[in-house]
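In what follows, a single structure is set out as structure tokens and then discussed.
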Amino acid sequence: MRLLLRTLLRLLLPAWGFFDVVGVVPVLEWRPMASEGQWGPWRPVLTAPRWQWWHAVCHPAGTRMLALHAVVDRATFACLQHDEDATESLTLVSHLVEQVATSTDPQGLTHGWAWRLVAQDGADLQVVYQREHPRALP
């Protein structure tokens, strides 16, 4: 009887310990090069879309953001594990950064741009991969 009562109580009041502990959080950042050849500040590529109440039913922008984060996660962990097949993931991330950076700051890409994958573990930042795309200055 006691086992049955405990089982029913667990069904009614779920334990919240089933979430994984947050560990390494992959972050994708980019920065443009100014006309003087100086790099600008790092900016996040993926930012959460603004949430409205009707997004509880349909939220395509949120679904797209989750898919893009999955690509960033895959590339980050492939680099952390020194996986030889990381080039495909890094190519996808490079195209993603170029697309987002072009739509965000079209003038910033005329002189060059850079992007990096950062593994953030609490307050610690570890640059996992960094690539620069400089352009010849006029």
Side-chain angles (χ1 to χ4, degrees):
M1 180 68 179
R2 189 174 183 168
L3 180 64
L4 178 63
L5 184 61
R6 184 180 297 165
T7 305
L8 288 174
L9 190 60
R10 285 186 181 165
L11 288 173
L12 293 174
L13 303 170
W16 297 104
F18 57 83
F19 291 111
D20 292 335
V21 176
V22 176
V24 175
V25 178
V27 179
L28 178 60
E29 299 175 325
W30 78 282
R31 65 181 178 178
M33 182 184 280
S35 60
E36 303 84 33
Q38 298 293 325
W39 290 105
W42 289 106
R43 306 174 189 178
V45 173
L46 302 175
T47 55
R50 189 169 168 223
W51 196 83
Q52 300 290 331
W53 67 270
W54 60 83
H55 290 152
V57 177
C58 181
H59 192 20
T63 304
R64 180 179 183 272
M65 187 60 55
L66 289 174
L68 295 177
H69 271 291
V71 171
V72 172
D73 289 350
R74 182 177 175 190
T76 302
F77 290 114
C79 288
L80 284 173
Q81 296 172 355
H82 304 291
D83 192 359
E84 294 175 1
D85 296 331
T87 56
E88 180 181 340
S89 297
L90 291 173
T91 303
L92 285 172
V93 170
S94 182
H95 290 305
L96 168 67
V97 172
E98 189 170 8
Q99 178 186 11
V100 170
T102 304
S103 65
T104 305
D105 186 8
Q107 301 302 323
L109 299 181
T110 57
H111 301 289
W113 54 287
W115 62 272
R116 69 181 181 178
L117 289 170
V118 178
Q120 184 175 6
D121 190 6
D124 297 332
L125 292 176
Q126 176 188 358
V127 177
V128 176
Y129 185 83
Q130 184 169 338
R131 178 180 271 176
E132 295 179 356
H133 300 275
R135 309 225 183 204
L137 294 174

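One is the number of the first residue; the rest follow in order along the sequence. Worth saying up front: this structure is predicted, and the values here are computed from it rather than measured.
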### Message
Is any side-chain heavy atom of V27 closer than 4.5 Å to one of L125?
### Response
no

### Message
By the definition side chain to side chain contact (heavy atoms under 4.5 Å, CB included), identify the one residue from V97, V127, V128 that meets it with R116.
### Response
V127

## Note on the structure
P44 meets the side chain to side chain contact (heavy atoms under 4.5 Å, CB included) criterion, sequence neighbours left out, with T47

### Message
V93 vs T76, test: side-chain contact (heavy atoms from CB on, under 4.5 Å). Steps then yes/no.
### Response
CA-CA 10 Å; V93 170; T76 302; over 6 Å; no

### Task
Report, as yes or no, whether the 6.0 Å neighbourhood of atom CZ on R31 holds more than 12 heavy atoms from other residues, nucleotides or ligands.
yes

### Query
Does R64 have any side chain to side chain contact (heavy atoms under 4.5 Å, CB included) partners at least two apart in sequence or in another chain, and if so, which?
L68, Q99

### Query
Would a 4.5 Å heavy-atom cut-off, applied to side chains only, mark L96 and V72 as touching?
yes

### CD/Q130: more than 12 non-hydrogen atoms of other groups inside 6.0 Å
yes

### Task
Could you tell me which non-hydrogen atom of P26 sits nearest to which non-hydrogen atom of F77, and how far apart they are?
CG-CE1, 3.9 Å

### Message
Using only atom types and a distance under 3.5 Å, with no angle test, would you say the side chain of S94 pairs donor to acceptor with the backbone of L90?
### Response
no

### Task
Kindly indicate, with the supporting measurements, whether the criterion side-chain contact (heavy atoms from CB on, under 4.5 Å) is fulfilled by L46 and H69.
CA-CA 8 Å; L46 302 175; H69 271 291; 3.9 Å; yes

### Task
Report yes if the side chains of Y129 and L28 come closer than 4.5 Å at any heavy-atom pair, otherwise no.
no

### Query
For Q38, does the CD atom sit with more than 12 other heavy atoms under 6.0 Å from it, leaving out its own atoms?
no

### Message
How long is the straight-line distance from CD of E88 back to CZ of R74, given to the nearest 0.5 Å?
### Response
5.5 Å

### Query
Quick one: CH2 on W30 to CZ on R43, what's the gap to the nearest 0.5 Å?
4.5 Å

